[in-house]
Structure formats: C-alpha cells, structure tokens
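The structure under discussion appears below in the form of structure tokens.
If you're wondering where the values come from, they're calculated on a predicted model, not measured in any experiment. Hydrogens, waters and symmetry mates play no part in the numbers below; they use all other heavy atoms, side chains included.
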Amino acid sequence: MKKNNLLLVASLGLLVASCGKTGPRKTPGGIEYTVEKAGKGEKLKEGDTIMVYFASYLNDSLLIDTRKEQGVALPMVIQKSRDKFDLMDGFAQLSEGDSAIFILPLDSMQNKPPMAKPGDKMKVHFVIESKYSVAKQNAKEEKEIKEYIDKNKLNTTKSPKGVYIAVTQEGTGAQPKNGDIVSVNYTGKLLDGTVFDSNTDSTVRPGMPLQPLEFPVGEGRVIPGWDEGIAQLKKGSKATMVIPSALAYGLQGGGPTIKPNSILVFNVELLDVKPAPAAPAEPAAPAPAK
C-alpha cells in the first residue's frame, strides 16, 4: 500500500459528499458525485468512527481497491472539516450503508497521480459499511467467541477485563504480579486457525531464533489481553487465551494478517516468573553545610 499512499491522500483530501439519493449532484466545493445506493442506517456525524471501503480510478483504470487489497473495511474517524474541499464534511452528511461515487477533476488537485495528464479525472467510490459502535462490536465478538469455545470444547473462565482462558495444564508455581518478569512460549492464531506468530515453530519465523518471550507483566509491553491473561496463570501452566479485539489490536489491526477487529487465540506456556527488579535506592541527602 505504500506506493498508493500519495493517491489515497490526494483523493481523500478533496472529497465531500451529500446524502442525496438520485442523479448527479455537486458538492459545495463543486465536485460532482452520485449516491449509487442509499443506506438504511443511522446518519453519520462528527466524532463517529466509520468502517469504509475505498476504490480509486484514473479515468477507467483502477488505482486502489481496499476491498481487494485489505479484505476488510478500514476505520476512519469523522473529524471537523478544515476547508470547503474536506472529505469530512461529506461523510458527516452520509448514512450507514451509503455507496457514493465522486468525480474529481485532477487539474484541481494539489497532489496528482504521477501518470495523470491535464484534463484527466479521478473516480472515487466509497462504501460506508457501518458506523463503529463499541457495544455492537463487543456483542458481535461475544457471540463469535462463544461459538469458537463451544466448537473447540474449551473449558474457559473469563478474566475481569474479558479474556477467556482455558487452562489445559495447571502450574504449581508463582502467579505473576505487576512488574514481575515472565517467560512465555506461545503460538498465536486467528479464529479460522491461521497462525500469525509463534516462538516455537520455525516455519512461522524462518531464520529467526526460537526463544521464550520475556516481558514485565502489567507495564504495556504487550497487547492488553496478554497482560491480563498471563497474570491469571501460575508458573508451569499451559493455557489457551481467547482475546477480544479491544484487548488485542482493535480497529487498527496488526499487519496484513491481523485485520481490524480481529479476535486472537494464543496457546501459551508460562515457563518462568521472576520477581520484579528492586527499585533503585534513593540517593542519600547531602550533609548540611557547617
């Protein structure tokens, strides 16, 4: 996607939209657009987080298609508009489910695609898949997690913050506290079984050394679900942790495999727990002057 960043920024910086339902119209900034399909969802407003697909064409040649390249809708926060050509004004007039096409005269764009010629036009297609709601996303994921747990016959408990933990081998050692240094073996995968990381499988990390992961618990060195889940285990335990997206990589995702709003599953073994390092001693106060 790096090669397309200039095109994406150029397009997004100029768009506005309206919730009109028929025929070609023009935005206040003079950009022609058509709402191809009117959605039936809520009207959008400043401050909303929306999930969108984006496709851009130079004349009739496809430049970017996030549905094909990313596979999922991408998050965008509707912010206060900065000028009359700002995309944000347009999003604030649309509704969930709207599909709108904009025709941009490239001669008016500051950042043009390098292959563009005078008189060319860019066609930009946005599909507003949904308005993101934490409550709706949590409810959706709770259902998906329950189905996964039932399908895989996991005997789980739910941690205070919402990590589902199935202990498959109970350890007998210490349970880590905030600041304790833990050593962990793990394999991470998606709900569909796709493995995205492991420190025990050389095929997942070709050429990388296989060694336990060490980190201090509760200090944010790992995703929140790990800080929460590992703290529930004892040294020597093996477990499966099912982590909701809000405690993993959330709306932004984590690279090409971990898409936005991905629930993650980790098989972990807590190998060791070391007490938190002692705090450095306070320097002695200087002796009073005589």
Side-chain angles (χ1 to χ4, degrees), residues 1 4-5 8-9 11-23 25 27-29 31 33-56 64-102 104 123-147 161-162 190-191 223-225 243-256 258-264:
M1 284 290 289
N4 291 324
N5 283 349
L8 181 59
V9 171
S11 301
L12 294 184
L14 287 171
L15 298 180
V16 288
S18 172
C19 56
K21 302 297 188 291
T22 60
R25 297 189 177 190
T27 66
I31 298 172
Y33 72 94
T34 303
V35 175
E36 273 199 331
K37 179 182 178 182
K40 298 181 180 179
E42 297 179 20
K43 190 178 185 299
L44 306 179
K45 63 183 184 301
E46 184 180 321
D48 285 343
T49 298
I50 57 177
M51 306 301 293
V52 300
Y53 291 103
F54 168 91
S56 179
I64 304 171
D65 188 339
T66 60
R67 189 186 294 269
K68 292 181 179 178
E69 295 181 16
Q70 301 291 328
V72 293
L74 303 178
M76 180 181 295
V77 179
I78 300 177
Q79 302 174 356
K80 185 176 179 60
S81 176
R82 296 181 179 180
D83 57 58
K84 67 178 182 178
F85 291 111
D86 199 308
L87 167 67
M88 297 302 165
D89 275 346
F91 279 133
Q93 299 175 55
L94 295 173
S95 299
E96 286 184 90
D98 279 357
S99 174
I101 293 178
F102 306 84
L104 308 177
K123 180 172 72 172
V124 188
H125 186 190
F126 277 98
V127 177
I128 313 298
E129 183 185 62
S130 63
K131 182 170 75 170
Y132 179 79
S133 159
V134 173
K136 288 180 181 179
Q137 184 65 30
N138 288 346
K140 175 178 178 289
E141 291 187 17
E142 284 286 329
K143 180 180 178 182
E144 292 174 348
I145 290 173
K146 183 179 185 306
E147 290 173 351
K161 292 183 180 179
L190 307 179
L191 288 186
I223 59 174
I243 302 178
S245 67
L247 297 175
Y249 294 95
L251 274 171
Q252 299 305 316
I258 303 174
K259 305 297 184 183
N261 298 321
S262 290
I263 299 166
L264 304 183

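Among L44, I78, V134, V77, the single residue meeting the side chain to side chain contact (heavy atoms under 4.5 Å, CB included) criterion with T49 is V77.
A heavy-atom distance below 4.5 Å is not found between the side chains of P224 and K161. Annotation: side chain of P244 is in contact with side chain of I145 (closest heavy-atom distance under 4.5 Å). Counting only heavy atoms from C-beta outward, the side chains of L251 and Q137 never approach each other to under 4.5 Å. Between F54 and I64, some side-chain heavy-atom pair lies under the 4.5 Å cut-off.
Heavy atoms only, all atoms of each residue included: P260 and A73 are closest at CG-O, 4.2 Å. Contact between Q252 and P75 at its shortest, heavy atoms only, is NE2-CG, 4.0 Å. Nearest heavy-atom pair across S95 and G41 is CB-O, 3.8 Å.
Remark: the backbone N or O of K45 is paired with a side-chain donor or acceptor of D48 at under 3.5 angstrom. Within the 3.5 Å criterion, the main-chain N or O of A55 finds no donor-acceptor partner in the side chain of D65.
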* What do the steps show when you test L264 against L190 for side-chain contact (heavy atoms from CB on, under 4.5 Å), and what is the final call? -> CA-CA 5 Å; L264 304 183; L190 307 179; 3.7 Å; yes

* Criterion side-chain contact (heavy atoms from CB on, under 4.5 Å) on L94 and F126, from CA distance to verdict -> CA-CA 11 Å; L94 295 173; F126 277 98; 5.9 Å; no

* Would E129 and V72 count as a side-chain contact (heavy atoms from CB on, under 4.5 Å) if you check the C-alpha gap in whole Å, the side-chain angles of each, and the deciding distance to 0.1 Å? -> CA-CA 10 Å; E129 183 185 62; V72 293; over 6 Å; no

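Put simply, NZ on K37 and CG on D98 are 10.0 Å apart, with the number rounded to the nearest 0.5 Å. With rounding to the nearest 0.5 angstrom, the CZ atom of R67 is 8.5 Å from the NE2 atom of H125. Here the straight-line distance linking atom NZ of K140 with atom CD of E142 works out to 12.5 Å at 0.5 Å rounding. Rounded to the nearest 0.5 Å, atoms CG (N261) and CD (E141) are 6.0 Å apart. The structure places CD of E96 at 12.5 Å from NZ of K43, a figure rounded to the nearest 0.5 Å.
Residue K259 places its NZ atom among more than 12 non-hydrogen atoms of other residues, nucleotides or ligands, all under 6.0 Å distant.
Looking at residues two or more places apart in sequence or on another chain, you find a side-chain hydrogen bond (donor to acceptor under 3.5 Å, both in side chains) between K131 and E42.
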